[in-house]
Asks: 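Handing you a structure now.
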Amino acid sequence: MLESILPGHAHDVAPRLLGAVLRVRGVAVRLTEVEAYGGPGEDPGSHTFRGKGRRNATMFGPPGHLYVYFTYGMHWCANVVCSPEGEASGVLLRGGEIVEGVELARRRRASARRDAELARGPARLTVALGIDGADDGAALDGAEHSLTLLRTPIAGYATGPRTGVSGPGGDATAFPWRFWLPGEPSVSPYRPHVPKRRG
DNA sequence: GAAATGATCGTCT
DNA sequence: GACGATCATTTCA
């Protein structure tokens with residue numbers, strides 16, 4: 001299943017993940033929004049741009065695994081490692097619709113007003129699914145984690161600049177590697193990158 | 001609706 | 001020591 005699209009460059013794999021279902025310990029999302037991130041020296045917006053480090057080691061491993069990282073001192077975000085071992089490109093899971101385990105997801109995301117907000121945004125998605133640092137490196141064909149592709153690729157999708165990414169000169173448009181399903185309420189709003197000011 | 005703001009810490013410089 | 005692949009809340013229109 002997964003091996004039909006992996007390994008491959010994140011940029012090619014990303015649109016194939018739209019509509020796919022990620023299931024983690026009883027809660028499942030149908031992905032509606034993803035972003036691709038390139039490898040070392042290729043994509044300044046990618047965690048792997050400056051090579052292998054402690055945090056991004058999973059990205060340099062084999063494809064078909066989860067790369068989970070902690071950011072802003074409080075949020076977890078999840079990626080699917082796409083490229084062959086050593087190339088380190090991946091797809092950030094930014095949003096989706098809960099299609100299984102909605103009750104549990106609602107409990108984890110108590111502040112969500114509508115179900116569409118349960119997994120609208122990368123950090124919200126990990127909370128809804130119960131993903132944290134312990135899931136970093138998990139294979140996506142296991143009992144606790146699985147990724148099921150559509151039989152046929154999605155008919156149409158949209159592309160655009162990545163959210164919250166600053167390239168050289170703050171240019172998020174250099175790599176328009178954000179992919180989403182138009183009209184889906186679980187797609188997160190676009191937010192340009194804003195440098196944090198000191199206090 | 002849109003915009004501003006504080007929270008909070010691991011990682012890299 | 002600075003800052004980030006963010007979110008919830010508050011404030012204003």
Asks: Sort and list the pairs that fulfil salt bridge (charged side-chain N to carboxylate O under 4.0 Å, His left out) and have at least one residue in residues 65-89 of chain A, not counting sequence neighbours.
Replies: none

Asks: Can you sort out the partners of A/Arg106 under side chain to side chain donor-acceptor pair (under 3.5 Å), two or more places apart, ordered by chain and number?
Replies: A/Glu103, A/Asp115

Asks: Sequence neighbours excluded, which residues qualify as side chain to side chain donor-acceptor pair (under 3.5 Å) partners of A/Arg162?
Replies: A/Asp43

Asks: Return the set of residues passing salt bridge (charged side-chain N to carboxylate O under 4.0 Å, His left out) with A/Arg30 (not counting sequence neighbours), or none when no residue passes.
Replies: A/Glu97, A/Glu184

Asks: Once side-chain hydrogen bond (donor to acceptor under 3.5 Å, both in side chains) is applied, what residue pairs with a partner in residues 55-70 of chain A remain, sequence neighbours excluded?
Replies: A/His47-A/Tyr67, A/Thr58-A/Asp136

Asks: Starting at the 5' end of DNA chain B, what dot-bracket string do you get if Watson-Crick and G-U pairs under 3.5 Å are bracketed, crossing pairs use [ ], other-strand pairs use | and unpaired bases use dots?
Replies: |||||||.||||.

Asks: Is A/Val194 isolated, or which residues cluster with it under the ILVMFWY side-chain rule of less than 4.5 Å, directly or via members?
Replies: none

Asks: Below 3.5 Å is the cut-off: list the nitrogen or oxygen pairs between protein and nucleotides 4-7 of chain C, distance only.
Replies:
| unit_1 | atom_1 | unit_2 | atom_2 | d |
| --- | --- | --- | --- | --- |
| C/dG4 | O6 | A/Lys196 | NZ | 3.3 |
| C/dG4 | N2 | A/Tyr72 | N | 3.4 |
| C/dA5 | OP1 | A/His47 | NE2 | 2.7 |
| C/dA5 | N9 | A/Tyr69 | OH | 3.4 |
| C/dA5 | N7 | A/His47 | NE2 | 3.1 |
| C/dA5 | N1 | A/Asn79 | OD1 | 2.4 |
| C/dA5 | N1 | A/Asn79 | ND2 | 3.4 |
| C/dA5 | N3 | A/Tyr69 | OH | 3.1 |
| C/dT6 | OP1 | A/Arg94 | NH1 | 3.4 |
| C/dT6 | O2 | A/His75 | NE2 | 2.7 |
| C/dC7 | OP1 | A/Pro122 | N | 3.4 |
| C/dC7 | OP1 | A/Ala123 | N | 3.1 |
| C/dC7 | OP1 | A/Arg124 | N | 3.4 |
| C/dC7 | O4' | A/His75 | NE2 | 3.1 |

Asks: So if I take residues 24-32 of chain A and measure heavy-atom distances to DNA chain C, which residues fall below 4.0 Å?
Replies: none

Asks: Nearest-Å distance, CG (A/Asp136) to P (B/dT11)?
Replies: 10 Å

Asks: Quick one: A/Lys52 NZ to B/dC12 P, roughly how many Å, whole number?
Replies: 12 Å

Asks: Applying side-chain hydrogen bond (donor to acceptor under 3.5 Å, both in side chains) as the test, list every pair that has at least one member in residues 2-15 of chain A; sequence neighbours left out.
Replies: A/His9-A/Glu42

Asks: Taking salt bridge (charged side-chain N to carboxylate O under 4.0 Å, His left out) as the test, write out the residues that go with A/Arg108, two or more places apart.
Replies: none

Asks: Between A/Arg113 (CZ) and C/dA8 (P), how many Å, whole number?
Replies: 11 Å

Asks: Under the side-chain contact (heavy atoms from CB on, under 4.5 Å) criterion, do A/Glu100 and A/Val27 qualify, and how do the steps go?
Replies: CA-CA 5 Å; A/Glu100 194 180 309; A/Val27 178; over 6 Å; no

Asks: Would you mind listing the cluster partners of A/Phe49? Hydrophobic ones only (ILVMFWY), side-chain contacts under 4.5 Å, chaining allowed.
Replies: none

